[in-house]
Colleague: 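Here it is, the structure, as structure tokens.
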Amino acid sequence: MTMISVPAEITLGDVAAMGEADELHRYELSDEGELRVMMTPTPEHSRIVMRLTAWFLRNGSDEERLRTDLGIYTGGGRQPDLTVWSDAAPDVGVASVYVPVDGLQVVIEVVSRGSRQNDLVDKASEYARAGIERYWTVEQGGTQPVTFRTLATGRYSA
């Protein structure tokens with residue numbers, strides 16, 4: 001088990017360093033300065049992200065516009081499961097920098113049992129405040145697996 005020392009005030013650089021030191025968890029920092037620690041994605045979660053990426057590619061998206069490994073700066077640092085950009089996505093990894101959301105068209109999160117509050121409430125509010133025009137969530141199982149949200153007057157409507 002890797003022990004991680006947490007500073008009194010956490011920066012995005014600290015969050016990136018924690019992620020590099022710990023392969024078993026994902027770290028995010030909310031725009032309110034709250035550290036979130038999540039387990040790494042399950043195989044089912046990863047398959048869903050892979051299928052979504054394949055869907056975008058089959059339906060005309062250029063692979064340069066899609067990223068599954070990019071941290072975004074929303075006032076905090078988040079690591080969406082999939083991002084779709086208007087042009088080529090910034091060519092940097094989450095470990096080195098969190099990129100601005102300029103040109104970010106869609107953020108997609110795969111919702112798991114342990115991430116429901118974070119994905120459906122906290123991130124929705126934060127992504128709306130950051131001005132991201134579309135936020136999609138994908139449920140693992142259930143009767144309505146995908147919810148499409150569009151930004152209108154500072155909030156998402158489904």
Side-chain angles (χ1 to χ4, degrees), residues 12-31 36-116 118-152 155-158:
L12 290 178
D14 296 328
V15 175
M18 285 184 244
E20 284 183 25
D22 181 0
E23 297 176 358
L24 299 177
H25 297 91
R26 288 179 63 182
Y27 295 85
E28 294 182 337
L29 188 64
S30 77
D31 62 356
R36 300 290 171 101
V37 182
M38 294 142 309
M39 294 300 295
T40 55
T42 63
E44 177 60 19
H45 182 282
S46 297
R47 281 191 291 274
I48 292 169
V49 173
M50 218 170 36
R51 287 192 298 261
L52 286 164
T53 303
W55 182 88
F56 276 101
L57 292 171
R58 278 194 314 273
N59 287 282
S61 286
D62 183 324
E63 68 182 55
E64 297 298 317
R65 295 179 52 219
L66 305 173
R67 289 297 292 268
T68 59
D69 61 347
L70 192 60
I72 60 173
Y73 178 72
T74 59
R78 296 294 189 168
Q79 295 181 36
D81 293 315
L82 179 61
T83 54
V84 182
W85 300 81
S86 57
D87 294 312
D91 194 23
V92 294
V94 70
S96 59
V97 68
Y98 291 83
V99 300
V101 298
D102 302 328
L104 180 54
Q105 292 184 314
V106 183
V107 169
I108 302 171
E109 296 284 2
V110 176
V111 180
S112 60
R113 196 172 24 149
S115 70
R116 293 189 65 75
N118 193 32
D119 289 338
L120 300 177
V121 178
D122 302 339
K123 286 184 181 181
S125 296
E126 190 170 323
Y127 292 161
R129 284 192 299 274
I132 299 168
E133 58 185 271
R134 290 183 201 92
Y135 178 45
W136 299 357
T137 53
V138 181
E139 298 275 349
Q140 296 184 51
T143 57
Q144 183 177 352
V146 182
T147 302
F148 303 96
R149 295 171 183 81
T150 304
L151 191 61
R155 299 184 66 159
Y156 288 116
S157 59

Colleague: Cut-off 3.5 Å, side chains only: do Gln105 and Ser86 have a donor facing an acceptor?
Modeller: no
Colleague: Check whether any side-chain heavy atom of Leu66 sits under 4.5 Å from a side-chain heavy atom of Leu57, and report yes or no.
Modeller: yes
Colleague: Do NZ/NE/NH1/NH2 and the carboxylate oxygens of Arg116 and Glu139 come within less than 4.0 Å?
Modeller: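 Result for this pair is yes, salt bridge flagged.
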Colleague: Would you name the heavy atoms of Thr42 and Gln140 that are closest together and state the gap between them?
Modeller: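 Scanning both residues completely, I find the closest heavy atoms to be OG1-OE1, 4.1 Å.
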Colleague: Indicate the atoms forming the closest heavy-atom contact of Ile108 with Val106, along with that distance.
Modeller: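 That closest heavy-atom pairing would be CG1-CG1, 3.7 Å.
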Colleague: Considering only heavy atoms from C-beta outward, does the side chain of Ile132 approach that of Leu151 to under 4.5 Å?
Modeller: no
Colleague: Run the side-chain hydrogen bond (donor to acceptor under 3.5 Å, both in side chains) test against Ser115 and tell me which residues pass, sequence neighbours left out.
Modeller: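 Residues passing side-chain hydrogen bond (donor to acceptor under 3.5 Å, both in side chains) with Ser115: Ser112, Asp119.
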Colleague: Just verifying a value: how many Å separate Arg78 CZ and Ile72 CD1, rounded to the nearest 0.5 Å?
Modeller: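 Reported value, rounded in 0.5 Å steps: 9.0 Å.
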Colleague: Hey, could you give me the CD1/CG distance between Ile48 and Leu82, rounded to the nearest 0.5 Å?
Modeller: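 Going from the CD1 atom of Ile48 to the CG atom of Leu82 covers 12.0 Å.
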Colleague: Can you tell me if CZ on Arg155 sees more than 12 non-hydrogen neighbours from other groups inside 6.0 Å?
Modeller: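 No, not enclosed.
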Colleague: To the nearest 0.5 Å, what is the distance between CG on Leu52 and CE on Met50?
Modeller: 10.5 Å
Colleague: Compare every heavy atom of Asp81 with every heavy atom of Val110, then report the nearest pair and how far apart it is.
Modeller: N-OD2, 2.7 Å
Colleague: Minimum heavy-atom separation for Ala130 and Val101, please, with both atom names.
Modeller: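 Nearest heavy atoms, Ala130 then Val101: O-CG2, 3.5 Å.
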Colleague: Mind checking the CG-CZ spacing from Asp62 to Phe56? Nearest 0.5 Å is all I need.
Modeller: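 These two atoms lie 13.0 Å from each other.
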Colleague: Could you tell me if Thr137 and Arg149 have a donor-acceptor pair between their side chains, going purely by distance under 3.5 Å?
Modeller: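 Yes - a donor-acceptor pair under 3.5 Å links their side chains.
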Colleague: So which heavy atom on Leu70 is nearest to which on Pro80, and how close?
Modeller: O-CD, 3.6 Å
Colleague: Show, in sequence, the C-alpha distance, side-chain angles and deciding distance for Glu109 and Trp136, and conclude whether the side-chain contact (heavy atoms from CB on, under 4.5 Å) test is met.
Modeller: CA-CA 7 Å; Glu109 296 284 2; Trp136 299 357; over 6 Å; no
Colleague: Tell me, with the steps shown, if Val138 and Val111 meet side-chain contact (heavy atoms from CB on, under 4.5 Å).
Modeller: CA-CA 6 Å; Val138 181; Val111 180; over 6 Å; no
Colleague: Can you check whether Tyr156 reaches Arg134 side chain to side chain, under 4.5 Å on heavy atoms?
Modeller: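 Of all side-chain heavy-atom pairs linking Arg134 with Tyr156, none is under 4.5 Å.
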Colleague: Measure the shortest side-chain to side-chain distance between Asn118 and Val121 over non-hydrogen atoms and say whether it is less than 4.5 angstrom.
Modeller: no
Colleague: Quick one: ring pair (Phe, Tyr, Trp, His ring centres under 6.0 Å) partners of Tyr127, sequence neighbours excluded?
Modeller: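 Ring pair (Phe, Tyr, Trp, His ring centres under 6.0 Å) check on Tyr127 returns Tyr135.
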Colleague: Walk me through whether His45 and Val49 qualify under side-chain contact (heavy atoms from CB on, under 4.5 Å).
Modeller: CA-CA 6 Å; His45 182 282; Val49 173; 4.1 Å; yes
Colleague: Do the side chains of Arg47 and Glu44 get close enough for a salt bridge, i.e. N-O under 4.0 angstrom?
Modeller: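 A salt bridge links Arg47 with Glu44.
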Colleague: Are Thr83 and Trp85 close enough that a side-chain donor and a side-chain acceptor fall under 3.5 Å?
Modeller: yes
